[in-house]
Protein chains: 2
Amino acid sequence: MFFLKDLPSEDMIAGVTVNVPEVSSPRVLSVLTKLRAASVLLRDVEAYLRGHGLSQTQFLALMMIMREPERSSLSAVEIAARLDVSKPVLSKALASLADKGLIAPAASQPADRRQKQLSLTPEGEQRFADVLPGYFSILHDADL
Amino acid sequence: MFFLKDLPSEDMIAGVTVNVPEVSSPRVLSVLTKLRAASVLLRDVEAYLRGHGLSQTQFLALMMIMREPERSSLSAVEIAARLDVSKPVLSKALASLADKGLIAPAASQPADRRQKQLSLTPEGEQRFADVLPGYFSILHDADL
DNA sequence: TCCATATGGTTAGCATGGTAACCATATGGC
DNA sequence: GCCATATGGTTACCATGCTAACCATATGGA
């Protein structure tokens with residue numbers, strides 16, 4: 001996260017990067033401004049999801065399974081690849097979702113016994129449906 | 001953090017928000033795209049700072065003390081207010097900076113004995129000077 | 001003066017993120 | 001067929017973020 005309320009002035013950036021000619025201070029300031037807006041938005045989204053009993057990663061994992069067009073289940077590595085999150089983090093998020101009864105092993109499991117295919121339970125689908133419109137609504141109204 | 005590699009399609013967003021007329025799917029997709037770019041940038045910045053022995057918050061705390069125009073020290077609450085971070089988080093970040101010898105209690109302390117004014121040590125100033133140009137350089141080159 | 005209240009700072013406990021290391025199962029070259 | 005290697009998943013451990021609760025010191029009104 002990046003929560004600098006008072007961004008550095010253009011002068012300060014320029015002063016520090018005199019010897020770094022490829023850096024332009026208005027450009028850096030613009031990036032910092034967007035970075036702050038994105039961080040604030042992320043904080044808001046996390047608060048909203050937490051209010052519905054989900055972390056960001058848990059919610060996104062549900063989304064990845066839901067939106068798979070041809071299938072109704074995915075394995076952990078497949079989800080991790082789509083989310084760009086490390087394996088252990090996803091492992092914990094999925095365990096938490098299973099504890100809450102929102103996902104469960106899929107009916108048909110692959111031959112490779114190392115993998116577990118995971119599907120949403122009816123409760124999982126309901127929760128996802130409840131949360132998604134508000135999620136998009138927050139994004140829509142974001143200052144970004 | 002927000003690390004969704006495959007963003008939802010406009011059609012999916014539109015389908016889910018049929019009953020939420022104030023949400024436009026191109027708008028949501030644009031926000032998601034920027035959110036992802038910002039998250040990736042934050043991850044890169046954190047990796048860069050970690051390579052120099054600093055967390056994001058530690059680095060920003062140094063910046064806040066350094067750029068104070070009239071003074072060379074700040075108290076913890078003053079820093080927390082400028083960073084928009086909770087008190088305990090800053091408390092730990094400052095303790096870590098002190099452990100590393102990068103900050104120290106300022107020479108002149110206020111009458112109010114609850115506060116501690118904090119200044120950068122010469123090592124702290126050196127570290128900050130070493131890190132700052134590269135920091136701005138990463139921001140300059142960001143895809144945001 | 002004295003006590004209720006506010007403020008600066010830390011500690012405790014929890015959730016989430018990461019890397020490294022570890023099992024269990026597959027797979028491919030010999 | 002068998003062992004080295006790769007892959008799916010989990011566990012262990014650490015850093016960082018949060019809230020709630022806790023000290024210590026200030027402050028203001030009865």
Side-chain angles (χ1 to χ4, degrees), chain A residues 1-4 38-62 73-100 103 105-106 109-118, chain B residues 1-4 38-62 73-100 103 105-106 109-118:
Chain A
M1 291 303 190
F2 172 82
F3 287 137
L4 201 55
S39 292
V40 169
L41 173 57
L42 277 172
R43 181 201 260 168
D44 291 347
V45 166
E46 274 168 16
Y48 168 72
L49 293 176
R50 194 161 42 243
H52 289 269
L54 293 172
S55 74
Q56 177 106 226
T57 301
Q58 288 166 17
F59 173 72
L60 294 176
L62 292 183
S73 67
L74 282 177
S75 71
V77 272
E78 288 173 319
I79 301 172
R82 287 162 173 75
L83 293 191
D84 196 8
V85 149
S86 69
K87 279 196 301 177
V89 167
L90 191 69
S91 184
K92 280 183 281 188
L94 294 176
S96 175
L97 285 171
D99 282 351
K100 294 172 196 161
I103 61 172
Q109 290 294 324
D112 186 333
R113 285 182 304 166
R114 288 172 305 181
Q115 313 183 18
K116 267 189 293 186
Q117 289 288 315
L118 298 164
Chain B
M1 292 303 191
F2 172 82
F3 287 136
L4 201 55
S39 294
V40 169
L41 173 57
L42 277 172
R43 180 201 260 166
D44 291 347
V45 167
E46 274 169 15
Y48 167 73
L49 292 176
R50 196 161 39 245
H52 289 269
L54 293 172
S55 74
Q56 177 105 226
T57 301
Q58 288 166 17
F59 173 72
L60 293 177
L62 292 182
S73 67
L74 283 177
S75 71
V77 272
E78 289 174 320
I79 301 173
R82 287 162 173 76
L83 292 192
D84 196 8
V85 149
S86 70
K87 279 196 302 178
V89 166
L90 191 69
S91 183
K92 279 184 280 187
L94 294 177
S96 174
L97 285 171
D99 282 350
K100 294 172 196 159
I103 61 172
Q109 290 294 322
D112 187 334
R113 284 182 305 168
R114 289 173 304 181
Q115 311 183 18
K116 267 189 291 186
Q117 289 287 315
L118 298 164

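What you see is a predicted model; the values in this text were computed from it and never measured. So you know, we letter chains A, B, ... as the sequences are listed, proteins then strands, and number each from 1.
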Within this structure, what is the [atom1]-to-[atom2] distance between [X] and [N], rounded to whole angstrom?
{"X": "Gln115(B)", "N": "dA26(D)", "atom1": "CD", "atom2": "P", "result": "10 Å"}
{"X": "Leu42(B)", "N": "dG17(D)", "atom1": "CG", "atom2": "P", "result": "12 Å"}
{"X": "Arg50(A)", "N": "dG17(D)", "atom1": "CZ", "atom2": "P", "result": "14 Å"}
{"X": "Leu97(A)", "N": "dG9(D)", "atom1": "CG", "atom2": "C1'", "result": "16 Å"}
{"X": "Arg82(B)", "N": "dG8(C)", "atom1": "CZ", "atom2": "P", "result": "13 Å"}
{"X": "Glu78(B)", "N": "dT7(C)", "atom1": "CD", "atom2": "P", "result": "15 Å"}
{"X": "Gln56(A)", "N": "dG18(C)", "atom1": "CD", "atom2": "P", "result": "12 Å"}
{"X": "Phe2(B)", "N": "dG17(C)", "atom1": "CZ", "atom2": "P", "result": "13 Å"}

Side-chain donor/acceptor contact of Lys92(A) with base of dG18(C) under 3.5 Å: yes

Distance-only donor-acceptor test, Arg113(A) side-chain atoms vs dT25(C) base atoms, 3.5 Å: no

Taking the side chain of [X] as its heavy atoms from C-beta onward, which of [options] lies nearest to it?
{"X": "Ser91(B)", "options": "dT11(C), dC18(D), dA24(D)", "result": "dT11(C)"}
{"X": "Pro88(A)", "options": "dT19(C), dG9(C), dT16(C)", "result": "dT19(C)"}
{"X": "Lys116(B)", "options": "dT10(C), dT7(C), dC18(D)", "result": "dT10(C)"}
{"X": "Ala76(A)", "options": "dG9(D), dG8(C), dT25(C)", "result": "dG9(D)"}
{"X": "Lys87(A)", "options": "dG8(D), dT7(C), dC18(D)", "result": "dG8(D)"}

Considering every strand and a 4.0 Å limit on heavy-atom distances, what is the contact class for [X]: base, sugar-phosphate, or nothing?
{"X": "Gln117(B)", "answer": "nothing"}
{"X": "Glu46(A)", "answer": "nothing"}
{"X": "Ser86(B)", "answer": "base"}
{"X": "Val89(A)", "answer": "base"}
{"X": "Thr57(A)", "answer": "sugar-phosphate"}

Closer than 3.5 angstrom, by distance alone: can the side chain of [X] be matched with the main-chain N or O of [Y] as a donor-acceptor pair?
{"X": "Lys92(A)", "Y": "Lys87(A)", "answer": "no"}
{"X": "Lys100(B)", "Y": "Gly53(B)", "answer": "yes"}
{"X": "Glu78(A)", "Y": "Ser75(A)", "answer": "yes"}

Value rounded to 0.5 Å, distance of CD in Gln56(B) from CG in Leu49(B): 6.0 Å

Spacing of Leu94(A) atom CG and Ile103(A) atom CD1 [to the nearest 0.5 Å]: 4.5 Å

Ion pair check, Asp84(A) and Arg43(B), cut-off under 4.0 Å: yes

Contact nearer the 5' end of DNA chain C, comparing Leu54(A) with Leu90(B): Leu90(B)

Residue whose closest nucleotide on DNA chain C lies nearer the 5' end, Asp112(B) versus Ser55(A): Asp112(B)

